Number of protein chains: 2
Amino acid sequence: VRVELINTGSELMLGFTVNSHLNYIARHLAGIGLRLDRQVTVADDRAEMRAAMAEALARSDVLIITGGLGPTSDDFTRDVVAELLGRKLVRDETVAADIAERLRKRRIHLPESVYVQALVPVGAQVLPNRNGTAPGLAIEHEGKLILLLPGPPRELKPMFEEYVLPVLAKNFGAQARFDCRVFKVVGLAESIVEERVAPALAGLKDLELGYSAKMGEVEVLIIAPLKSTADEAEKRIRVALAENVYGTGDDRLEEVVVRMLTAARQTVAIAESCTGGLIANRITNVSGASEVFVNGCVTYSNESKTRLLGVREETIAQYGAVSEEVAREMAEGVRARAGTHFGISTTGIAGPTGGTPEKPVGLVYIGLATPARTEIRRHMLLFDRETFKFFASQIAFDLVRRELFAKR
Amino acid sequence: VRVELINTGSELMLGFTVNSHLNYIARHLAGIGLRLDRQVTVADDRAEMRAAMAEALARSDVLIITGGLGPTSDDFTRDVVAELLGRKLVRDETVAADIAERLRKRRIHLPESVYVQALVPVGAQVLPNRNGTAPGLAIEHEGKLILLLPGPPRELKPMFEEYVLPVLAKNFGAQARFDCRVFKVVGLAESIVEERVAPALAGLKDLELGYSAKMGEVEVLIIAPLKSTADEAEKRIRVALAENVYGTGDDRLEEVVVRMLTAARQTVAIAESCTGGLIANRITNVSGASEVFVNGCVTYSNESKTRLLGVREETIAQYGAVSEEVAREMAEGVRARAGTHFGISTTGIAGPTGGTPEKPVGLVYIGLATPARTEIRRHMLLFDRETFKFFASQIAFDLVRRELFAKR
């Protein structure tokens, strides 16, 4: 099975938007054993789109095209594909009714041009769009499958998982060329991960292995043509990395922590200075977080650390706001006031300004208060501001995860 | 000038690494008035690479190829290009000496295979690599320019800015095709933006126009071959969209709000329920936020709304936590306790669970308390959880922005 992907959008070709579709789609195809053979990006330019689509169609069995399905004058994927396949566009009344219903519910009035999105090439199957007005389209044409998907990721992703993947798995699953698994590792540097994993996998034949350092975590990827090889590799990786593996595939650390807290019926409150609300934000991205998360306090000013968390003014005066002592009082204070099992705290210097010789940019204290004790970690995180915040939040989540892991 | 880009790497085609090169290179090319016409990604596969390169070369004047220049067994860009152009690979002794010196300095011993990186197609110009052993290569061939660049971003970026951009600007700058500007719009739907902008720009010749719906905002992109056209278009867009344009280019709404608060010497405190810390997180992503942001409270539980913000228990009992009244007491409470000029609040149902017939998933109240009054907005945001949070945070930031805008 040869699979190609075409991403359309002038914003991609002018560098205004990062193309996240290649990564997302490739990863999900790999999950069902399909490998992407070529990916092409073109601007919203009819001639360029037509040329790229005609070439890709000639070469491939499955062609996925993203973007250009919206209602504005630079959206012409629908037109170009219909023309290329020699199919007329006809108005699909079910799609038109869906669009009308969506606008009615949200009480917005849009120009009539919005209904251009109800035009469908003859014989195409409509893929419902849960998060927008532009439906996706699946077209079987001369033994090939052409899939048109909307550009916005929040519209593309549910559609891809609900409609596209099942169809591909059903039609091409038997010809799937490999088993691909990703392990997510936290608390170890990439080179340490490789040092442990590589010897553990020695002797396993037909196994591809990759390492990728992401923000605050490392991914280990294995690809094997046989499921039995992948199973054996997974077993050995899990032994070699032990509790440092926090999940697989698309797992996110905050999800794992919420799942573990829920299972243990434990609650958490969060006191953030340098992470500025990122930890609370990540935990509340997880559906069901309200079962385990009581409240967060983002205490940027010293006064708010005292007012909201009960950090003593003398502690701040004596040790400074960025100190082990303040991190301790923050974690213990937020835990005591919220009445939770755990209290998390962060205080540090995210930069780029605000550092001193004794307390340089990158210094951070991360605290975890439990019913039994309070643990403080000191780290130097030499990154830009947002990366600094993310690394610090990873360390905080991992403290909770390891605490719950140890108590299992 | 037709410019194409080929990114090579199996990790890109398996969805293991995000391709950041397209965005980086496209943006820098646009900065010197060059547009990327097509971008292709292929795995480390000789046949696929050769086919993609031959096709691109036939079409373009400038071909940029990234990745596959390293010393390992899956690096064969150098070989494939040399073969395609019919040029021999010869060892460049200066490059070999650079590699030896780099290894000596870092006191590392690598297998002899590392010197494969000193092989250069006859007639190619070497582009020094400040951060690695693989040099870049520039090859003039039958009137076309082929640029080979290393895959790791920290190696590619300095090389691109120091060697590639100056060469392109020198050779093609005079033929640069456009002036490109992006306007960031908040508070209007994409189709409304188009309805206002399109007629305003009527009659302007040689102007390309694009619209892109992002999360909670719309981007309007103009491309014009003449600066005077771009200037006139910008003037008309600013009139047509007025205060709905919050910025240009890379501006982010939270940055603009922090800049405006700083200029007005005003402060803000934030009380978040359904946005779960996202507003605080976004504001603290901006360097200098500590000048204007005092504290945030992420009050997920009802009890914490009362304890941290002073929301009355009776208000919650009578109207429910998701209500205009609670949003009001949250905004006013956080403002009064923090002693700031502004208080922001959010309370809503992010979903996917927790909705009722009267208060469905997607309902949100967003409040802004000022010294003069409190304003509450009610919205239905029918999106997945994270998008819901982002839209709500956009509305909150925009309330502050419009307040400051009106008072200018």
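Keep in mind that what you see is a predicted model, and the values were worked out from it rather than measured. Just so we're on the same page: letters track the sequence lines, and every chain starts at 1.
Note on Arg27(B) versus Asp250(B): salt bridge recorded, some NZ/NE/NH1/NH2 to OD/OE distance being below 4.0 Å. A salt bridge between Arg59(A) and Glu55(B) is present, with a side-chain N of the basic residue lying under 4.0 Å from a carboxylate O of the acidic one. For Arg104(A) and Glu101(A), the salt-bridge test passes: some basic side-chain N is under 4.0 Å from an acidic carboxylate O. With salt bridges taken as basic N to acidic carboxylate O contacts below 4.0 Å, one links Arg2(A) and Glu48(B).
Looking only at heavy-atom pairs under 4.5 Å with chain A, the residue among Lys389(B), Glu195(B), Met380(B) that has the most is Lys389(B). Note: Pro111(A) leads Ser113(A), Gly354(A), Pro111(A), Pro153(A) in heavy-atom pairs under 4.5 Å with chain B. Counting heavy-atom pairs under 4.5 Å between each of Gly362(B), Gly296(B), Ala280(B), Gly339(B) and chain A puts Gly296(B) at the top. Comparing Val294(A), Val42(A), Thr353(A), Thr299(A) by how many heavy-atom pairs each has under 4.5 Å with chain B, the most go to Val294(A). With chain B as partner, the option from Leu12(A), Asp37(A), Val182(A), Asn19(A) having the largest number of non-hydrogen pairs under 4.5 angstrom is Asp37(A). Counting heavy-atom pairs closer than 4.5 Å to chain B, the top-ranked of the candidates Asp75(A), Leu278(A), Asn285(A), Val40(A) is Asn285(A).
From Lys305(A), atom NZ reaches atom CD of Glu303(A) across 10.0 Å, with rounding to the nearest 0.5 Å.
When heavy atoms are compared at a cutoff of 4.5 Å, Ser191(B) approaches chain A by way of both its backbone and its side chain. Only the side chain of Ala30(B) comes within less than 4.5 Å of a heavy atom of chain A; its backbone N, CA, C and O stay farther away. Of the two parts of Phe390(A), neither the backbone nor the side chain holds a non-hydrogen atom closer than 4.5 Å to a non-hydrogen atom of chain B. Contacts of Leu221(B) with chain A are made by side-chain atoms alone, with heavy-atom separations under 4.5 Å and no backbone atom involved. Of the two parts of Thr387(B), only the side chain, counted from C-beta on, holds a non-hydrogen atom closer than 4.5 Å to a non-hydrogen atom of chain A. The part of Cys180(B) that comes within reach of chain A is its side chain, from C-beta onward, which places non-hydrogen atoms under 4.5 angstrom from that chain. Heavy atoms closer than 4.5 Å to chain B are found nowhere in Asp44(A), neither backbone nor side chain. If you measure heavy-atom distances from Ala338(B) to chain A, the contacts under 4.5 Å come from both the backbone and the side chain. Proximity to chain A is absent for every atom of Ser273(B), based on heavy atoms less than 4.5 angstrom apart. With a threshold of 4.5 angstrom between heavy atoms, Val3(A) does not approach chain B through any atom at all. Within the 4.5 angstrom heavy-atom criterion, atoms from both the backbone and the side chain of Ala51(B) approach chain A. With a threshold of 4.5 angstrom between heavy atoms, Arg385(B) approaches chain A through side-chain atoms but not through N, CA, C or O. With a 4.5 Å cut-off on non-hydrogen atoms, Asp74(A) touches chain B through its side chain but not through its backbone. Both the backbone and the side chain of Ala52(B) come within contact range of chain A, each with at least one heavy atom under 4.5 Å from a heavy atom of that chain. Residue contact with chain A, scored on non-hydrogen atoms closer than 4.5 Å, involves the backbone of Val286(B) exclusively. Heavy atoms closer than 4.5 Å to chain B are found in both the backbone and the side chain of Val18(A). Ser287(A) touches chain B through backbone and side chain together, each having a heavy atom under 4.5 Å away.
Neither side chain, Thr133(A) nor Arg102(A), offers a donor N or O lying under 3.5 Å from an acceptor on the other. For the 3.5 Å distance criterion, the side chains of Arg38(B) and Thr41(A) fail to qualify, holding no donor opposite an acceptor. Side-chain polar atoms of Thr248(B) and Lys184(B) form no donor-acceptor pair below 3.5 angstrom. No side-chain donor from either of Thr17(B) and Glu11(B) sits under 3.5 Å from a side-chain acceptor of the other. With no hydrogens or angles considered, no side-chain donor-acceptor pair links Asn131(A) and Lys157(A) at under 3.5 Å.
Residues Ile223(A) and Arg35(A) meet the side-chain proximity criterion, which asks for heavy atoms closer than 4.5 Å. A 4.5 Å side-chain heavy-atom check between Phe293(B) and Val298(A) finds at least one atom pair inside the cut-off.
When ring centroids are compared, Phe383(B) and Phe388(B) stay outside the 6.0 Å threshold.
Taking the six-membered ring where the residue is Trp, Phe160(A) and Tyr24(A) present perpendicular rings, their angle passing 60° and hence far from 30°.
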